[in-house]
Structures are given as C-alpha cells and as structure tokens.
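Take a look at the structure set out below.
Each chain gets a letter, A, B and so on, in the order its sequence line appears, and its residues count up from 1. A quick note: this is a predicted structure, and the numbers were derived from the prediction, not measured.
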Amino acid sequence: MSDSNLESTSSDFLREAIKQDLKEGRFTKVHTRFPPEPNAYLHIGHAKAVWIDYGIAVDFGGKFNLRFDDTNPLKEDQEFVDGIIEDVRWLGVDWEDRLFFASNYFEQMYDWAVELIKKGKAFVCDLTPEQMGEARGTITSPGTNSPWRDRSVEENLDLFGRMRAAEYPDGAKTLRAKIDMSSPNIHMRDPVMYRIRHAEHHTQGNKWCIYPSYDWAHGLEDSIEGVTHSLCSLEYEIHRPLYDWFLDELGIYHPRQIEFGRLNMTFTVMSKRKFIELVEGKHVRGYDDPRLPTLAGLRRRGVTPEAIKEFCRRIGVSKNDSAIDPVHFEECIREDLNKTAQRVMAVSSPLKVVLTNYPEGEIEYMEANNNPEDPEAGTRKVPFGKVLYIEKDDFREVPPPKYYRLSPGKEVRLRNAYFITCNEVIKDENGEVLELHCTYDPQTRGGDAPDGRKVKATMHWVAAETALKAEVRLYEYLFSKADPDDVEEGKDYTSNLNPDSLKIIEAFVEPSVKDAKPGTRYQFERQGYFCVDKDSNETSLVFNRTVTLRDSWAKIEKAQTK
RNA sequence: UGCCGGAUAGCUCAAUUGGCAGAGCGGCUGACUCUGGAUCAGCAGGUUCAAGGUUCGAGCCCUUGUCCGGCAGCCA
C-alpha cells in the first residue's frame, strides 16, 4: 500500500470532494468499498472502479472493504464470489481482513425495516408487479398511492412478520417505503424495500424468503461498515436521494455517496448480458476468452495487473460519459511488458535460409540478452545452425525504397549471431520463393564486424533443427466498429463482430521456451508480447498474442503506398 | 412536455476559494540503437457547445438555448 500517495497522485473531483469533507470535518477518516454483485465475472470497467475505491483509500491512509452486494439470490452464485475474489486479488488490491457480504447484515436490515414501519414510513403492499407498474405513473406524470398505503402500523408489522415467516408466495406482497408518489424522481415513488423470493441464497441457505432491494440495502451496508465515501457509477446518481432518505429516517451513521463516470471502451462491449450472449452464441470461447475485456480474459491474454492499474491511473475519473480507444490500454501493456518480459525469438511465417558456407551438422550456441531493458534478466544460449528460418516478410526480392532488410545481394545481421548476405533465391516452378541461399561472415559472431562495417537491419531467426513448433493465437478487436451497437435497423451488435478477431497460426520458436508454464509472458522480438496459454502442455505449445510491438515500419510503408 | 447529469486539443483528463488554458496518449520532425521496437529531443494542435449577464477579470458564477447520456425491475 505504498506505491501511491497524496503528493504523487494527480487529483480529481472525487479526491477534491473528499479533501473538502475532511477539511470541514464531515468525516475524520476515509473508508471506501468495492461492492460487486456476485452474478458475473469482472471486467476492465470494474477494475477502474476498484482502483478508484482502493486508490483513494490508500491515498488518504484509509481503509478499503471488499463487499459482495448479494441481495438477489436468483442471480447470484458462489462461483462468481470465487471468481471475483480471484480477480480483485490478482489486480493487487488488499482488503486485509475486510471481506464482507451484504447478506450477513440481513437480520440488522430486517430490524431497521421494522423500525421504519413503526415510524409509519413503510408499509406492506399487496399490489401485483403489473399493478405497481401502472400506479407508478410515468416519467412525466405523477403516480397514484397504493390502496394499501394507509394500513395501520400493527397490521404492517403483522404482515411483514408473516412475509418473513413464508406465509406468502413469491410476488404476493412487498414492503415499501412511504415517500412520495408524485416525486419527479421515480425512485422516490414508494420504492420496494423487500420482495418475497423463495430461493436458496449462497450464504444464507433457506433462512430467508424475503430479500432487501438494492436501494434499501446499499446505504445500510455502507453505514454498518463505517464507510465514509460510497463511490459508484453515474447511473446511481438518481438513487442518491433515496440513499440519503433511508439513512436519515433511520438516524444512523450516514456515509456520502458520490458518482463517477464508468469506463467504456471502443471496439468492445462491457456488459454482463452481452458477455453471456457472446459465450452462449459461441462467438467467443468462454468468459476468459482473451478477446473479451473480462479480467479473466485479459489475464489469459497476458495483460499484467500493473498495466491495468497504470491504464486506470491515466484515464482518470470524471463525470463525463466517455469511450476510451483501446490504443491507450495497449500502450500501458507495452510499457509494462517492455520492462519485464523476457525476449525470445520466434518466426511466425517461416522462410528457409541455408547458409552455404556453414559447416554441415554443426550447432553452436549464441549468447542472447534476456532483456536489454533489464540487466538483471541475464542471458541465455540460443542454438544456431546451417539451416534457419527467418520471417517471410524480412525478405523482398525487389525491395521497396527504404527497405533495409534482406534482399538479393544485401547484408543484414541475424540477431545475437552473424551477418549474412543473400546470394541466391530458390523458387518453385510458379516463381514462389522456396528458400534463400546465403553466406555468413564468421568474423561477425556476436553481431559486430571487426572492420567496422555496418548493416541497417537486424532480424530474428530460429535454427531449423532445434526449433519448437507452437500454436500462436493472434487477436484483434472483437468488433470491427468503434461502437458495436451502431447497427442497421433489425440487426444487433453481433453483426459488427470482427470475423478476423482470432487467427491461429503455427510458428517456430527457439527451444528455451520448452517448459514454460501457462501464464509466462515473452516478447517475441520484433513482433510483440505473447503469453503461454492454459491450453499449452509438454507436447504442444500454445501462445496468445497479448499485444503487438509498436510498428513504425508499418506506418512508413503505409505512407509510401499512399 | 418531467427529473438528474455532462460538454475544455484527434482521444482521455487537468486548470488552488473567479487570476497567463496545461498533461498523457496520438500526429509530425529529428537523434540514437544488435528489436525499423524501446529510449530521447523538438514541433503542431483551442472561438473552453452557443448567446447573453455579473465582474477590473469567467473554463469556473447567473440566465436562456443546443446537443449527448441516464431514469418509469419486486435487477444491481
């Protein structure tokens, strides 16, 4: 909890508000919480929320709770509790011993509901969901009072007790707050506090058949935990008057809710419903598909928690609706992986090279830097031989202007090895290049020429004899439109799915990666960052491309073809 | 036609209680390099949504308007 502090953190409207609260004595400490509902896997948008909540607690020397907002047994499941805990822990967030469940407060919430009934501020309502909907009015017209609104306190107490005692079926009755059916804020029109649900709860079992609604429960949870600042997304702004109303009527400790804009990203989707549809529609391979912005997907793809944290820091926080271009995220991933990922050579589209003057059958081991950015990373030995593979794209029979790589008669450097010169291009009957015959200069071992001559390009390679075959999964944006929901009449976002979001190729990789465990991250030099997939095993290697390297050559080439 | 928000550089955000509109990313140019990567340096980029008002002074306060988002689950 030391990597962030007040001085080094740029401020934002949330931190300013909190500073003000502290200054004015509204609160004397800072205590935040992250309150996910365990009904889905977390995505990068949640990561932003986590880093706002946790980051603020750290910055102000306060505390942070992880709390499951598990008030709806129909949607929630232990599976998601476990997944969310794993994800939040993976992000590097420390909630110490403060892992809580809203469901542990049900008894207290019940008592408070009884209190509100006694105050004449809540009543049992027999309206059906349909009737209640009609009586609510509309966005521009007031609602009408429930016929059950004026039941006596005694009757309400009795009925509410019977609700709890399982005397009624689902939906037969609700407990509602008695506020104002003509309020311009629909959420203040006698909102439901309890509904009947004969369903098993993942922590409570069958103890309860009435469950508190979000609006009733959330402020109470915050209050019980001594949270000072209940930070949530913009959609809850309109709920704040209700949040305040319950706390004020109860006269209990009153945290402050402040809302911020949630994270959206272009070229992807960020909703539980769509994740489910994409998985069930087989558009992706699961919730941890590396193309999904779920934390499980990002983790599998090879993204580091540090990159996510830095991304969240850079995008900041405001009350704007915004959609971030994924290039900003990719930049954060590169920045972190550049510092930490071991370099390795891999050829994804092989072209055979035969060194005609290299001794037949000989293999020598070239010393290679594991990470030029990190001297501590050490070196490794990479086998070199007479027959090599280079990248197809690193050879052009007719080089375009400013093409510095290999072409007939040109000399280039093979990384960590020798200079080679291309002498002969072997083709098949169709004119397709089959292989290159080159010579190497033994004087240039290690990469420098004793006579001081320079080459413009350095290329990666693997020795044919010792190369490992690997499946490499190349990912692109899941959607081909910045806004996947931008569709023609009658179509939905799935029509914007990018057909090329996953491309599987076979590559040759240097043998040092042989026993790499799933999750291990590498930089394939000059190509990008890759991560060993969980499908990988002793007999077949599988890599995911996390992100490509920044490619300035691609830019130059594009500019030239214009 | 209701209520609650929002609008500052291409993108995301800043701008002490009203006081010279800045940063990161992106773009462009150059340097350097055993990754055409990384790194470094420089440059360009703005009618702060519009119109009015208050003020010595407005991105900030007031009024009106425009555009965008959210809100009518017994979801959260």
**OP:** May I ask you to say what A/Gln523 touches in the nucleic acid, namely base, sugar-phosphate or nothing, with a heavy-atom cut-off under 4.0 Å?
**Re:** base
Original post:
Which whole number of Å gives the distance between the P atom of B/A23 and that of B/G42?
Top reply: 11 Å
**OP:** Check whether NZ of the Lys or CZ of the Arg A/Lys381 lies under 6.0 Å from the centre of the six-membered ring of A/Tyr365 and within 45 degrees of that ring's axis.
**Re:** no
**OP:** Assign B/G18 to syn or anti; the rule is syn for a glycosidic angle within 90° of 0 and anti otherwise.
**Re:** anti
Original post:
Expressed in whole Å, how much space separates the C1' atoms belonging to B/G46 and B/U8?
Top reply: 8 Å
**OP:** Using a strict cut-off of less than 4.0 Å between a Lys/Arg side-chain nitrogen and an Asp/Glu carboxylate oxygen, indicate whether A/Arg240 and A/Asp215 qualify as a salt bridge.
**Re:** no
**OP:** Using a 4.0 Å heavy-atom cut-off across all strands, classify A/Asn39 as base, sugar-phosphate, or nothing.
**Re:** nothing
Distances for protein N/O vs nucleotides 46-49 of chain B N/O pairs under 3.5 angstrom?
none

Original post:
Which pair of non-hydrogen atoms, one from A/Cys422 and one from A/Cys438, has the smallest distance, and what is that distance?
Top reply: CA-SG, 3.7 Å
Original post:
Looking at A/Tyr110, does the NZ or CZ of A/Arg164 lie under 6.0 angstrom from its six-membered ring centre and within 45 degrees of the ring axis?
Top reply: yes
**OP:** List the atom of A/Ala113, the atom of A/Leu175, and the distance in Å for their closest heavy-atom pair.
**Re:** CB-CD2, 3.9 Å
Original post:
Is A/His239 touching bases, backbone alone, or none of the nucleic acid, heavy atoms closer than 4.0 Å?
Top reply: base
Using a cut-off of under 3.5 Å, enumerate the N/O to N/O pairs linking the protein to nucleotides 23-25 of chain B.
| residue | atom | partner | partner atom | Å |
| --- | --- | --- | --- | --- |
| B/C25 | O2' | A/His328 | NE2 | 3.4 |
| B/C25 | O2 | A/His328 | NE2 | 3.3 |

**OP:** To the nearest Å, give me how far apart CG (A/Asp374) and C1' (B/U39) are.
**Re:** 16 Å
**OP:** May I ask you to say what A/Ser322 touches in the nucleic acid, namely base, sugar-phosphate or nothing, with a heavy-atom cut-off under 4.0 Å?
**Re:** sugar-phosphate
Subject >> A/Lys319 charged N/C atom sitting above A/Phe260 aromatic ring, 6.0 Å / 45° >> reply: no
Subject >> Nearest heavy-atom neighbours spanning A/Lys178 and A/Trp245 >> reply: O-CZ2, 3.7 Å
Subject >> Of the listed nucleotides B/G37, B/G36, B/A76, the one nearest the side chain of A/Asp69 >> reply: B/A76
Original post:
Are A/Thr71 and B/A76 close enough that a side-chain N or O sits under 4.0 Å from OP1 or OP2?
Top reply: yes
**OP:** Pick base, sugar-phosphate or nothing for A/Arg189, based on heavy-atom distances below 4.0 Å to the nucleic acid.
**Re:** nothing
**OP:** Can you see which heavy atom on A/Cys125 is nearest to which on A/Ser146, and at what distance?
**Re:** SG-OG, 3.2 Å
Original post:
Under 4.0 angstrom, heavy atoms only, what part of the nucleic acid is A/Pro36 near: base, sugar-phosphate, or nothing?
Top reply: nothing
Original post:
Contact class for A/Met459 vs. all strands (heavy atom < 4.0 Å): base, sugar-phosphate, or nothing?
Top reply: nothing
Subject >> First of A/Glu373 and A/Ala417 reached from the 5' end of RNA chain B, by closest nucleotide >> reply: A/Ala417
Original post:
Counting any heavy atom closer than 4.0 Å, what does A/Gly447 reach on the DNA or RNA strands: base, sugar-phosphate only, or nothing?
Top reply: base
Original post:
Which part of the nucleic acid, if any, lies within reach of A/Asp215 when heavy atoms closer than 4.0 Å are counted: base, sugar-phosphate only, or nothing?
Top reply: nothing
Original post:
Looking at RNA chain B, which of residues 163-185 of chain A put a heavy atom within less than 4.0 Å of it?
Top reply: A/Gly171, A/Thr174, A/Pro184
**OP:** Write down the distance separating the C1' atoms in B/G24 and B/U33, rounded off to the nearest Å.
**Re:** 25 Å
**OP:** Verify whether one side chain among A/Glu391 and A/Ser348 offers a donor that lies under 3.5 Å from an acceptor in the other.
**Re:** yes
Subject >> Where protein sits on nucleotides 58-70 of chain B, one letter per nucleotide: B base, S sugar-phosphate only, - none, heavy atoms under 4.0 Å >> reply: -----------SB
**OP:** Verify the distance criterion only: is there a donor paired with an acceptor across the side chains of A/Asp483 and A/Tyr493 at less than 3.5 Å?
**Re:** no
Subject >> Whole-angstrom distance between B/U17 and B/G27, as gauged at atom C1' >> reply: 38 Å
**OP:** Select base, sugar-phosphate, or nothing to describe what A/Leu127 touches, counting heavy atoms under 4.0 Å on all strands.
**Re:** base
Original post:
Any Lys/Arg nitrogen of A/Lys274 or A/Asp485 sitting under 4.0 Å from an Asp/Glu carboxylate oxygen of the other?
Top reply: yes
Original post:
Taking the side chain of A/Arg136 as heavy atoms from C-beta outward, which of B/G2, B/G5, B/A72 is closest to it?
Top reply: B/A72
**OP:** Report the C-alpha distance between A/Phe530 and A/Phe543 in whole Å, list the side-chain angles of each, state the deciding distance to 0.1 Å, and finish with yes or no for ring pair (Phe, Tyr, Trp, His ring centres under 6.0 Å).
**Re:** CA-CA 6 Å; A/Phe530 294 79; A/Phe543 288 93; 7.0 Å; no
Original post:
Do the charged groups of A/Asp126 and A/Arg151 touch, with an N to O distance under 4.0 Å?
Top reply: yes
**OP:** Report which part of the nucleic acid A/Tyr236 touches: base, sugar-phosphate, or nothing (heavy-atom distance under 4.0 Å, all strands).
**Re:** base
**OP:** Assign A/Ile139 to base, sugar-phosphate, or nothing according to its heavy-atom contacts below 4.0 angstrom with the strands shown.
**Re:** base
Original post:
With respect to the side chain of A/Pro129, which nucleotide from B/C74, B/C71, B/A14 is positioned closest?
Top reply: B/C74
Subject >> P-based separation of B/A15 from B/G52 [nearest Å] >> reply: 28 Å
Original post:
What heavy-atom pair brings A/Asn371 and A/Ala377 nearest, and what distance separates the two atoms?
Top reply: CB-CB, 3.8 Å
Original post:
What's the closest nucleotide to the A/Ile186 side chain, out of B/A72, B/U35, B/A76?
Top reply: B/A72
**OP:** Could you work out which one of B/A76, B/G6, B/G36 sits closest to the side chain of A/Arg405?
**Re:** B/G36
Subject >> Presence of salt bridge, A/Arg33 and A/Glu225, under 4.0 angstrom >> reply: no
**OP:** Please state the C1' separation for the pair B/U55 and B/C62 - nearest whole angstrom.
**Re:** 12 Å
Subject >> Residue mapping more 5' on RNA chain B - nearest nucleotide basis, A/Ile324 or A/Tyr194 >> reply: A/Ile324
**OP:** Extract the stems that RNA chain B is part of, considering only consecutive pairing runs of at least three Watson-Crick or G-U wobble pairs, both distances under 3.5 Å.
**Re:** B:2-7 with B:66-71, B:10-13 with B:22-25, B:27-31 with B:39-43, B:49-53 with B:61-65
Original post:
Do A/Tyr214 and A/Glu37 meet the criterion of a side-chain donor-acceptor pair at a distance under 3.5 Å?
Top reply: no
**OP:** Select one nucleotide: of B/G2, B/A76, B/C13, the one nearest the side-chain heavy atoms of A/Thr140.
**Re:** B/G2
**OP:** Report yes if a side-chain nitrogen or oxygen of A/Ser318 is closer than 4.0 Å to either non-bridging phosphate oxygen (OP1 or OP2) of B/C13; otherwise report no.
**Re:** yes
Subject >> Pairwise P distance, B/C13 and B/G36 [rounded to whole Å] >> reply: 35 Å
Subject >> Residue A/His187, side-chain atoms from C-beta onward, closest of B/A38, B/C71, B/U35 >> reply: B/C71
Subject >> Nearest listed nucleotide, side chain of A/Ser213, among B/A14, B/A76, B/G2 >> reply: B/A76
**OP:** Would you mind listing every salt bridge (charged side-chain N to carboxylate O under 4.0 Å, His left out) that reaches into residues 324-335 of chain A, with sequence neighbours excluded?
**Re:** A/Arg314-A/Glu335, A/Glu330-A/Arg334, A/Glu331-A/Arg334, A/Glu331-A/Arg550
**OP:** Compare side-chain N and O positions of A/Arg415 against OP1 and OP2 of B/U33 and report whether any pair is under 4.0 Å apart.
**Re:** no
Subject >> Which atom of A/Asp69 lies closest to which atom of A/Pro35, heavy atoms considered >> reply: CB-O, 3.7 Å
**OP:** Between B/C56 and B/C3, how far apart are the P atoms? Round to whole Å, please.
**Re:** 34 Å
Subject >> A/Asp393 and A/Arg405 ion-paired at < 4.0 Å >> reply: yes
**OP:** Examine the side chains of A/Gln443 and A/Tyr418 and answer whether a donor and an acceptor come within less than 3.5 Å of each other.
**Re:** no
